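These numbers come from a predicted model, not from an experiment. FYI, side chains are in, hydrogens and waters are out, and symmetry mates aren't considered; it's all heavy atoms of this structure. Letters A, B, ... mirror the listed sequences (proteins, then strands); counts begin at 1.
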2 protein chains.
Amino acid sequence: MEQTADPQTACPVTPVVDMVFSRWTTPILWSLHHHGRQRFVELERRLTSITPKVLTQRLRQLERDGLVARTYHAEVPPRVEYEITALGAGLGPLFAQLATWADANLPEVERARESYDARPAPARQASTDTGRAR
Amino acid sequence: MEQTADPQTACPVTPVVDMVFSRWTTPILWSLHHHGRQRFVELERRLTSITPKVLTQRLRQLERDGLVARTYHAEVPPRVEYEITALGAGLGPLFAQLATWADANLPEVERARESYDARPAPARQASTDTGRAR
DNA sequence: CTGCATCCCTTATGATACTG
DNA sequence: CAGTATCATAAGGGATGCAG
């Protein structure tokens with residue numbers, strides 16, 4: 001949530017991006033997708049460094065969006081389990097493609113960064129169109 | 001950018017997500033992808049509501065990551081053009097799949113939200129596993 | 001036109017401590 | 001165990017104004 005106005009108008013995929021790729025949501029979905037139904041603590045441990053507060057927030061959001069299902073067991077020590085819904089599982093192929101792209105192209109991204117950082121910054125000006133890309 | 005520590009460890013796609021799906025980057029890439037090479041002002045106009053400062057920041061980041069190429073023409077009124085690189089263009093299929101998912105599932109997400117918001121919130125507890133999803 | 005420098009403020013996020 | 005409440009902090013983003 002939280003788009004001031006309309007990055008959306010220029011780009012039809014913004015709503016999905018905001019929902020699926022906001023901070024922590026990807027690791028959470030990934031974890032639930034690959035390790036199946038898990039309790040709160042399990043998630044907390046797997047996503048080392050997340051605080052319970054934030055984890056709760058994100059899980060609530062995902063539950064509201066229908067990507068994650070929450071099951072509350074009113075036992076002595078309370079037990080709550082989270083799992084991916086069918087809707088959420090439909091994102092699987094997308095994640096897979098994302099991973100594929102990463103494997104194939106992250107190295108080049110890394111090189112681009114080094115190359116960029118190497119330039120003193122003044123050199124970045126005045127690049128007469130040397131016809132690159134496309 | 002900016003992951004304090006390691007949402008990454010739990011999820012291999014986090015680096016890509018941070019790079020491609022941080023705020024405004026999706027609309028920018030989308031615009032460059034669909035309308036081709038554009039000048040700074042054109043982008044600014046298309047992404048109504050973005051400020052030049054932020055647009056510059058994002059473009060720099062994308063340039064550094066090698067997804068966007070910048071061409072500076074040292075003319076009387078300066079002219080700068082941005083375009084997608086081959087690397088950036090490789091994200092096309094991914095965006096397409098994202099759009100497809102959106103078309104197919106956003107309505108259901110919307111329904112999930114309404115349904116969730118309808119519940120008084122106390123009712124959200126004690127849901128004996130009514131075997132949902134998966 | 002392009003875009004950097006400043007200042008300011010909202011918001012998100014993290015650390016900590018405490019209940020059912 | 002599974003959260004919630006409170007507080008503190010920092011980052012992101014917007015609004016100028018000015019320079020190449």
Next on the checklist: At 4.0 Å (heavy atoms only), tell me whether B:Pro52 reaches a base, stays on the sugar-phosphate, or touches nothing.
Outcome noted: nothing
Item to check | Polar side chain donor-acceptor pair, A:Arg58 to A:Gln61, under 3.5 angstrom | outcome: yes
Are any of [X]'s side-chain N or O atoms less than 4.0 Å away from OP1 or OP2 of [N]?
X: A:Arg58; N: C:dT13; result: yes
X: A:Arg45; N: D:dC1; result: yes
X: A:Thr51; N: C:dA15; result: no

Identify which nucleotide among [options] has an atom closest to any side-chain atom of [X], counting heavy atoms from C-beta outward.
X: A:Pro77; options: D:dC1, D:dG13, C:dT13; result: D:dC1
X: B:Thr56; options: D:dG13, C:dG3, D:dA2; result: C:dG3
X: A:Arg23; options: D:dA2, D:dT4, C:dG14; result: C:dG14

Between [atom2] on [N] and [atom1] on [X], what's the gap in Å once rounded to a whole number?
X: B:Tyr82; N: C:dC1; atom1: OH; atom2: P; value: 14 Å
X: A:Leu55; N: C:dG14; atom1: CG; atom2: P; value: 11 Å
X: B:Tyr72; N: D:dG20; atom1: OH; atom2: P; value: 11 Å
X: B:Glu42; N: C:dC1; atom1: CD; atom2: P; value: 12 Å
X: B:Arg60; N: D:dG13; atom1: CZ; atom2: P; value: 17 Å
X: A:Ile50; N: C:dT13; atom1: CD1; atom2: P; value: 10 Å
X: A:Arg79; N: D:dC1; atom1: CZ; atom2: P; value: 13 Å
X: B:Asp18; N: D:dG12; atom1: CG; atom2: P; value: 11 Å

Next on the checklist: Judged by each residue's nearest nucleotide on DNA chain C, which is more toward the 5′ side, B:Gln57 or B:Arg39?
Outcome noted: B:Arg39
Next on the checklist: Quick one, B:Leu59 with B:Leu43, criterion side chain to side chain contact (heavy atoms under 4.5 Å, CB included). Give me CA distance, side-chain angles, the key distance, then yes/no.
Outcome noted: CA-CA 10 Å; B:Leu59 283 171; B:Leu43 281 171; 4.2 Å; yes
Item to check | Parallel, tilted or perpendicular: ring planes of B:Phe40 versus B:Tyr82, cut at 30 and 60 degrees | outcome: tilted
Checklist entry - Does the base of C:dG14 carry an N or O that pairs as donor and acceptor with the side chain of A:Lys53 under 3.5 Å? => result yes
Next on the checklist: Check for me, please, whether A:Leu106 and B:Phe95 land in the same ILVMFWY cluster - side-chain distances under 4.5 Å, paths through other members count.
Outcome noted: yes
Item to check | For B:Gln38 against B:Ser31, the heavy-atom pair lying closest together | outcome: NE2-O, 3.0 Å
